[in-house]
Amino acid sequence: MIKITLPDGSVREFEKGTSALGIAKSISEGLARKVLAANINGQVWDATRPINDDASLKLLTWDDNDGKNTFWHSSAHLMAEAVESMFPGVKFWVGPPVENGFYYDMDLGDKKMSEEDLAALEKKMNELARKNSEYLRKEMPKADAVKYFTDKGDEYKLDLLSNLNDGEITFYSQGNFTDLCRGPHIPNTSFIKAIKLTSIAGAYWKGDEKNKMLTRLYGVTFPSQKQLDEHLQMLEEAKKRDHRKLGKELGIYTMDDDVGQGLIMWMPNGTVIIEELEKLAKETEQAAGYKRVVTPHIAKESMYITSGHLPYYADSMYPPMEMEGEKYYLKSMNCPHHHKIYAAEPKSYRDLPYRIAEYGTVYRYEQSGELFGLMRVRCLHMNDAHIYCTKEQFNDEFRAVNDMYLKYFKIFGIEKYVMRLSLHSPDKLGIKYVNEPELWKETETMVRNVLTESNIPFVEVKDEAAFYGPKIDVQIYSAIGREFTLATNQVDFSQGRSFKLEYIGQDNKAETPLIIHRAPLGTHERFIGFLLEQYAGKFPLWLAPVQVKVLPISDKFLDYAKAVSDKLKKSDIRSEVDDRHEKIGKKIRDTELLKVPYMLVVGEKEMNENKVSVRIQGKGDAGVRSVDEFIADAVSQIKERKAE
RNA sequence: GCCGUUGUAGCUCAGUGGUAGAGCACUUCCUUGGUAAGGAAGAGGUCAAGGGUUCAAUUCCCUUUAACGGCUCCA
């Protein structure tokens, strides 16, 4: 007999060699039908695998992440079985679960798979799933496994094997499919009730662009059709929030082939938002002791050699223009220009911290395949600033920048983000990172300490630093789930020396300042793209391009509507009149769809009493009020930058 | 940059080897209507661009270009 400790702490005895599934059955049949896998002593196991020693056990179902991942991993095997039956000779690489489903990478040889094959593959998978095939685990000596794949001519699995030790080799089979696999898997294929293959894509083998491109097939499965339907419904909803769709519908921005890829043209509505954001940034930065500067869009090659950017980023800069024997580059960052401003006048320690800010326009030649709506573009406007400070001042300065982020996040109601401490990778010193191991260590510790002291939760990621120092990135997710860096706060211990920046210390000796690069509002492009999705196009009053639309009941009240609108404009409220010859229902509908926060309906009653009938976007009729009352209220909401 | 898909009216999308269609938007007219779509008429397209096959190409093939889904990259 063995002793099994359950999650509630109770200990029960079972026959040696019983499985998690057997234990589930002893509790209830209903539970047993839901068990996908089990956590045994902290490790995820097959629910059917015999347990031979005392253990702690947690049964895993769809509601556990590990259970769900096991389900999707097993689905990937089922998909592979279907692919193998339709594409004989296919060689498989790996097929892991991912956030919303699973994929399998494969080499189809000279065969091609197109989206038309997906329906047939789904059908095949459904057939195979209904066979209730069990997932069978088999251990094998490494030598046998190597022989098996050598005979098969499968270089991919041989590559996987080369990283495994003897005694660790396990195979799983279901139906006619056998795969080298660590497992675990669900008990049998009948659990997989609803299947959707979502897309075909290319993916470099081992994620390295020098390697062969494999075919990656994505899918998602569920234990019931209802869950799949809900999932698909959710994806549809997410698409409605996509900033590219909303940006077009709301007249925020446009792009044009004649202008060029990734070059955003801000339309009047988008420009209003830009100006509001800049106003916020200027107020905030002025209060925090920043001075504003303005710098040109181009600079000579020599500056980017000094800065050290050219060797690292030449590929993603627009090629240089030649003028009178000099090469000029469009700037892809503002820092070098700002360093020149720092250097323009001698500095004493009394001048530090020296903080200069600019909404700088930079150009980056991003790879064409990476361009993505407003989130990844080639011309961007950065909420940039550089702080030059002493080592002693660093902590306070860096922390003040973090506080500024958090203040902004509160204004915009940003709650779903991840703070990422991005560190260097020691093996890439001198290649991707400046070769200063000691300074890296020192500054990384400084940054980590600021985060810890401020009680800000964060994750640490290696090999994501800037070439000149570690940084904190704020990671957000687009409506369709893509990850982006929204804002960034970086330490730079390198460029100060490259530019020979100095200040005279108390001891009358020249010192090099530390530099903080920061962009709490990121770029206009990415930030507004993010806001569009965050608000689903329903901007709070202070940001809304059109804040109020006055809707006359009929043309007879057009003059009154215009008078009301003019009065609003005098109080700096962005107001328009709907002067079309349409019925009020139509005007309301169209204004609702444009997500204008307030509609003021005016007819005979309102005109006679100098009032307006207020309607709130998405909420409906909010009653009659005097014009002055409405204005006072709106102005205070705008001034406070109220979230709603 | 790489793999795959797509490109038809301002927008969303049908359709076809014999020089194109809907809804919305737009223009004009009728209607002056009280809280999410009033009616009628009209205008609008080198069917992404270039080349090829064909008696004939928007449709089939090739190249280019752009967008989209991924991969790689992201100071």
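Below, chain A is the first sequence line, B the second, and so on; all start at residue 1. As the structure is a prediction and not an experimental result, all values here were calculated from the model.
You'll find that the side chain of A:Ser199 is closest to B:G69, out of B:U5, B:G69, B:U32. The side chain of A:Glu582 approaches B:G38 more closely than any other nucleotide in the set B:U32, B:G70, B:G38. In the set B:A75, B:A36, B:A66, the nucleotide with an atom closest to the side chain of A:Asp257 is B:A66. The side chain of A:Glu606 sits closest to B:G34 out of B:A75, B:G34, B:G33. The side chain of A:Tyr218 sits closest to B:G70 out of B:C26, B:G70, B:U32. When each of B:A36, B:G34, B:A67 is scored by its nearest atom to the side-chain atoms of A:Arg589, the top-ranked nucleotide is B:A36. Checking B:G38, B:G69, B:U32 against the side-chain heavy atoms of A:Ile480 singles out B:G69 as nearest. Taking only side-chain atoms of A:Met213, from C-beta outward, the nucleotide of B:C3, B:G33, B:G1 with the closest atom is B:C3. Out of B:G38, B:G33, B:A75, the shortest distance to the side chain of A:Lys586 is found at B:G38.
Checked against the 6.0 Å centroid threshold, A:Tyr318 and A:Tyr329 do not count as a close aromatic pair.
As the counterpart of B:G42, B:C26 is assigned, both hydrogen-bonding distances of the Watson-Crick or G-U wobble pattern falling under 3.5 Å.
Residues A:Leu250 and A:Pro545 have side chains not in contact (no heavy-atom distance under 4.5 Å, counting atoms from C-beta outward).
B:G33 atom C1' lies 15 Å from atom CG of A:Leu558, rounded to whole Å.
For A:Arg216, no side-chain nitrogen or oxygen approaches OP1 or OP2 of B:G4 to under 4.0 Å.
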